[in-house]
Amino acid sequence: MSKITITAALPYANGPVHIGHLAGVYIPADIHARVQRLRGEEVLFICGSDEHGVPITLRARKEGVTSQDVVDRYHKIIGDSFKELGISFDIYSRTSNATHKELSQAFFKNLYEKGAFKEIRSEQYFDEQAGQFLADRYIVGTCPSCKNEGAYGDQCEKCGSTLSPTELLNPKSALSGTVPMMKETVNWYLPLDEIQETFLNEWLGGKSHWKSNVYGQCKSWLNEGLRPRAMTRDLEWGVPVPIDGADGKVLYVWFEAPIGYISATKELRPDDWEQWWTGDSRLVHFIGKDNIVFHCIIFPAMLHLRGDGYVLPEQVPANEFLNLEGQKISTSRNWAVWLNEYLVEMPNRKDELRYVLTSIAPETKDSEFTWKDYQTRVNSELVGILGNFANRVLVLMQKYYEGVMPAVGTVREPYALFDRSGAGDHPMVVDYVRPVVDLLNNYQFRDAQFKMMELARLGNKYLAEHEPWKLVKTDAEATAMVLSEAVQVLYNLALLMEPFMPEASSRLLSQLGVSVSADDKQSFWLAGSQPGKWFELAEGHTLGAAGLLFQKIEDDVIDAQIAKLQATAASAAALAQAAGVATDSVVAGIEAKEEEAKPEVAYDDFAKLDLRVATVIACEKVEKADKLLKLTLQVGTEERTVVSGIALHFQPEEVVGKQVLLLANLAPRKMRGIESQGMILMAEDADGKLVFMSPSNSVAPGSSVS
RNA sequence: GGCGAGGUAGCUCAGGUGGUUAGAGCGCAGGAUUCAUAACCCUGAGGUCGGGGGUUCAAUUCCCCCCUUCGCUACCA
């Protein structure tokens with residue numbers, strides 16, 4: 001028996017948890033934690049809210065509340081919904097608490113005193129009026145590539161380019177709106193370039209057995225050569241840097257957040273927490289692919305420098321991303337299925353969510369959640385295969401034996417479920433239980449669950465083959481054999497379900513009228529390292545009260561969820577809603593069957609649109625594109641290039657000279673390498689033919705439309 | 001632009017140190033059945049494994065190029 005420290009990525013407390021988080025991190029982590037506990041391992045399953053960092057402060061400013069208010073709100077929402085779903089954390093902590101502050105400061109100080117950091121001076125933007133340095137995100141300006149005026153210092157959200165604050169044109173402070181000045185500051189850097197040479201190359205070199213997406217990503221970073229990375233920031237919201245002369249500085253969230261795993265452990269076990277992070281304890285991080293560098297490079301580097309016997313991660317089973325109805329899940333665009341809402345809107349369907357998300361877990365590549373697929377999986381797999389098998393066995397038992405296990409002699413051919421003549425491990429364990437255990441130990445949760453379901457399929461097949469409802473009329477002995485075998489399958493299936501669907505498992509066990517001790521479960525789950533055990537109910541055992549294990553999901557429930565997402569897509573697209581290429585991706589996920597009326601929008605939303613009349617002064621076909629025309633437009637004194645997907649409807653020469661309606665402030669977008677600076681609005685006929693929207697009398701190019 | 005991970009049946013995904021008929025679930029078609037939440041069981045149709053070149057007796061599996069999706073990262077302006 002060993003200690004296993006299992007961590008699940010700390011959810012960032014600026015929004016609730018959604019199905020992507022669950023499928024990628026929390027459900028697999030929970031299954032793993034449950035299995036290891038069942039196997040009798042000493043497990044600590046650690047998580048908590050990550051409550052520092054710039055996006056939280058931005059959100060707080062936007063809402064006019066304090067950062068603490070924001071994190072308090074989401075910490076509660078997230079924690080409550082995890083608890084209700086049954087994620088079996090031993091502790092769900094948070095990084096704004098005292099233990100964490102103390103421990104992360106001590107960690108920093110320890111490294112500081114070892115001389116692990118490099119002190120580096122640099123010039124950063126400083127807001128004189130607000131009296132503070134500005135994080136990249138706090139600087140707003142014009143994007144140098146797309147001219148979007150609302151670009152942030154680290155990224156332009158319109159065109160997606162990665163920026164540094166000094167690249168921004170017309171930088172302004174998001175705090176005061178004033179023009180920031182450059183001012184010298186000092187921060188402490190982790191010299192990752194040196195640590196790569198002395199430690200990371202070799203350590204990561206030994207991890208080729210990790211998942212290919214994880215190992216490949218790490219290799220990629222190492223090949224490019226790591227660079228020193230600042231572990232402190234000039235910011236107010238965070239853990240203060242615990243050394244003299246560091247006023248107004250906090251620990252970098254990615255320095256401090258992983259330490260949150262340790263401080264949560266300490267909070268839970270003040271006396272022996274260190275045993276879970278040193279010695280022969282085994283550390284496993286469950287994360288999403290966006291966290292790989294922090295958990296596979298930076299945090300291990302920190303732990304290594306710390307020394308003191310700290311263990312390094314044994315396995316980092318990072319998953320890819322889950323898409324929703326054809327689009328990336330996005331917190332800011334509200335394109336998500338939020339756990340807290342799911343729990344309310346789909347009551348008593350926790351295990352259904354666990355099951356579906358496990359079966360589509362993005363273990364090797366991005367995967368896709370759709371509500372229709374969810375419905376199908378629940379109805380045909382959980383209800384049709386698993387629930388149905390349970391129900392028919394229990395109903396037959398009730399009908400023929402009033403729920404009491406009948407006397408069965410030696411099961412004879414052809415009714416035997418498995419071969420009883422061999423001397424080795426039990427064939428059913430070898431064929432079903434052990435493969436599930438092995439797959440789980442190998443972090444292949446999706447396959448493990450599928451293998452579990454195969455046992456239910458086998459049960460249905462066995463019943464169909466031997467038809468006890470016919471046998472009962474002719475052969476009482478054989479009927480007893482068949483139903484007995486079927487009950488044993490169901491019993492073991494109930495045990496096998498536990499890590500995946502703990503509630504359904506426990507319901508089924510109680511319908512079988514059994515309660516299984518931890519020791520018995522252990523001998524079941526140790527199949528592999530030990531022979532394992534096939535559980536059987538004895539003659540005379542009385543089953544419990546039967547009931548349906550899962551309920552079918554009707555179409556209207558699913559339709560309501562889809563409609564909800566459609567409404568989200570519609571409002572997101574409201575600003576740019578018209579025919580044309582650029583909007584396609586926004587609404588492509590769910591296609592409305594007919595042209596439906598769109599939800600009402602506020603005037604303010606409409607007023608955001610800069611609509612202009614423009615004159616086409618040149619037009620040519622875009623090479624290697626069937627549908628695209630490149631138009632040059634006169635808009636006032638300005639000339640603009642717009643790429644429009646209308647080549648199937650118009651020849652270039654027939655467009656020149658026309659006046660068109662232009663959405664002038666649509667985010668630029670590159671198509672076929674040409675940047676399109678706006679969108680031409682068209683009417684679409686019933687037969688799909690496009691028609692220009694032109695003023696009835698010619699007006700000056702650039703005239704605004706409202 | 002560079003790097004990493006993908007691109008496999010209508011859909012969602014497995015798999016492949018190169019070698020007879022490439023898999024599963026769902027969906028679809030046909031059959032069988034009634035113990036069961038019109039569920040279950042059987043059978044079948046469906047893929048030149050992103051495209052093009054190369055190595056080889058043989059490539060979907062190895063090499064090169066290209067297209068494409070996702071992610072990481074750079075640079076230019």
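Any value given below was found using the heavy atoms of this structure, including those in side chains, with hydrogens, waters and symmetry copies removed. Numbers restart at 1 for each chain; the letters A, B, ... are given by sequence-line order, proteins then strands. Remember, it's a predicted structure, so these values are computed and weren't measured experimentally.
The C1' atoms of B:rG52 and B:rA9 are separated by 23 Å, rounded to the nearest whole Å. Taking atom C1' on both B:rC11 and B:rG46, the two are 13 Å apart, rounded to the nearest angstrom. As rounded to the nearest Å, B:rG31 and B:rU48 have P atoms that lie 29 Å from one another. Using C1' as the reference atom, B:rA22 and B:rG15 are 8 Å apart when rounded to the nearest Å. Here the separation of B:rC72 from B:rU12, taken at their C1' atoms, is 27 Å to the nearest Å. Straight-line distance between the P atoms of B:rU68 and B:rA24: roughly 33 Å, to the nearest whole Å. The same atom, C1', is picked in B:rG7 and in B:rG50; the two are 6 Å apart, to the nearest Å. Rounded to a whole angstrom, the distance from the P atom of B:rC64 to that of B:rU21 is 29 Å.
Judged by distance alone, the side chain of A:K211 and the main-chain N or O of A:E363 form a donor-acceptor pair under 3.5 Å. Between the side chain of A:R354 and the backbone N or O of A:P499, at least one donor-acceptor pair lies under 3.5 Å. With A:D50 contributing its side chain and A:Y12 its backbone, the two residues share no donor-acceptor pair below 3.5 Å. A donor-acceptor distance shorter than 3.5 angstrom exists from the side chain of A:N213 to the backbone of A:A318, with no hydrogens or angles considered. When atom types are taken as modelled, the side chain of A:T358 and the backbone of A:R446 share no donor-acceptor pair closer than 3.5 angstrom.
Rounded to an integer number of Å, the gap from CD of A:Q327 to C1' of B:rG71 is 18 Å. Between the NZ atom of A:K473 and the C1' atom of B:rC35 there is a distance of 10 Å, rounded to whole Å. Atom pair A:W469:CH2 and B:rA32:P shows a separation of 17 Å (rounding to whole Å applied). Rounding to whole angstrom units, CD of residue A:Q375 and C1' of B:rU12 are separated by 15 Å. Atom-to-atom, CZ of A:F450 to C1' of B:rC26 comes out at 10 Å; the value is rounded to the nearest Å. One can place CZ of A:F369 at 20 Å from C1' of B:rC70, the figure rounded to the nearest angstrom. Taking atom CZ of residue A:R227 and atom P of nucleotide B:rC72, one finds them 16 Å apart after rounding to whole Å. Rounded to whole Å, atom P of B:rA36 lies 19 Å from atom OH of A:Y462.
Within the structure, every pair that satisfies the side chain to side chain donor-acceptor pair (under 3.5 Å) test and touches residues 214-231 of chain A, not counting sequence neighbours, is listed here: A:R229-A:Y252. Screening residues 472-481 of chain A for salt bridge (charged side-chain N to carboxylate O under 4.0 Å, His left out) gives A:R412-A:D475, A:R412-A:E477 as the qualifying pairs, with residues at least two apart or on separate chains. Judged as a salt bridge (charged side-chain N to carboxylate O under 4.0 Å, His left out), the pairs with a partner in residues 381-390 of chain A (not counting sequence neighbours) are, in order, A:R377-A:E381. Applying the side chain to side chain donor-acceptor pair (under 3.5 Å) test to residues at least two apart or on different chains, the pairs with a partner in residues 391-402 of chain A are A:R392-A:N460.
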Which atoms of nucleotides 37-41 of chain B (N or O only) lie under 3.5 Å from a protein N or O atom, and what are those distances?
| residue | atom | partner | partner atom | Å |
| --- | --- | --- | --- | --- |
| B:rU37 | N3 | A:F550 | O | 2.7 |
| B:rU37 | O4 | A:F550 | N | 3.3 |
| B:rU37 | O4 | A:F550 | O | 2.5 |
| B:rA39 | OP1 | A:K552 | NZ | 3.0 |
| B:rA39 | O2' | A:G384 | O | 3.2 |
| B:rA39 | O2' | A:N388 | OD1 | 3.0 |
| B:rC40 | O4' | A:N388 | OD1 | 3.3 |
| B:rC40 | O2' | A:R392 | NH1 | 2.6 |

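Under the 4.0 Å criterion applied to side-chain N and carboxylate O atoms, A:K289 and A:E320 are assigned as salt-bridge partners. A salt bridge links A:E454 with A:K451: the distance from a Lys NZ or Arg NE/NH1/NH2 to an Asp or Glu carboxylate oxygen falls below 4.0 Å.
Evaluation of the ring pair (Phe, Tyr, Trp, His ring centres under 6.0 Å) rule for A:F299 yields A:H285 as partners, not counting sequence neighbours. Legend: residues meeting salt bridge (Lys or Arg N to Asp or Glu O under 4.0 Å) with A:D351, ordered by chain and number and at least two apart, are absent. Listed by chain and number, the residues in a ring pair (Phe, Tyr, Trp, His ring centres under 6.0 Å) with A:Y443 are A:H32 (sequence neighbours excluded).
Near RNA chain B, meaning a heavy atom under 4.0 Å away, the residues from residues 432-447 of chain A are A:R446.
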Review item, side-chain donor-acceptor pairs of residues 200-208 of chain A, under 3.5 Å, at least two apart:
| residue | atom | partner | partner atom | Å |
| --- | --- | --- | --- | --- |
| A:N201 | OD1 | A:Q196 | NE2 | 3.2 |
| A:N201 | ND2 | A:Q196 | O | 3.4 |

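The side chain of A:K399 sits closest to B:rC35 out of B:rC35, B:rA74, B:rU12.
Consecutive Watson-Crick or G-U pairs involving RNA chain B, each under 3.5 Å on both distances, make up stems of three or more pairs at B:1-7 with B:67-73, B:10-13 with B:23-26, B:28-31 with B:41-44, B:50-54 with B:62-66.
For the pair A:K328 and A:F321, the cation does not sit on the ring face, since its NZ or CZ is not both under 6.0 Å from the ring centre and inside 45° of the axis.
Taking syn as a glycosidic angle within 90° of 0, B:rG46 qualifies as syn.
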message: Treating primed atoms plus P, OP1 and OP2 as sugar-phosphate and everything else as base, which nucleotides of nucleotides 4-9 of chain B get B, S or - for protein heavy atoms under 4.0 Å?
response: SSSS--
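In this structure, A:F321 and A:R377 both approach RNA chain B, and ranking their closest nucleotides by distance from the 5' end singles out A:R377.
Using a 4.0 Å cut-off, some side-chain N or O of A:K328 falls inside it from OP1 or OP2 of B:rG71.
Among the heavy atoms of the strands, none lies under 4.0 Å from A:T370. The residue A:E368 sits close only to the backbone: its heavy atoms come under 4.0 Å of sugar-phosphate atoms, none of a base. If you check every strand for non-hydrogen atoms under 4.0 Å, A:K372 touches nothing.
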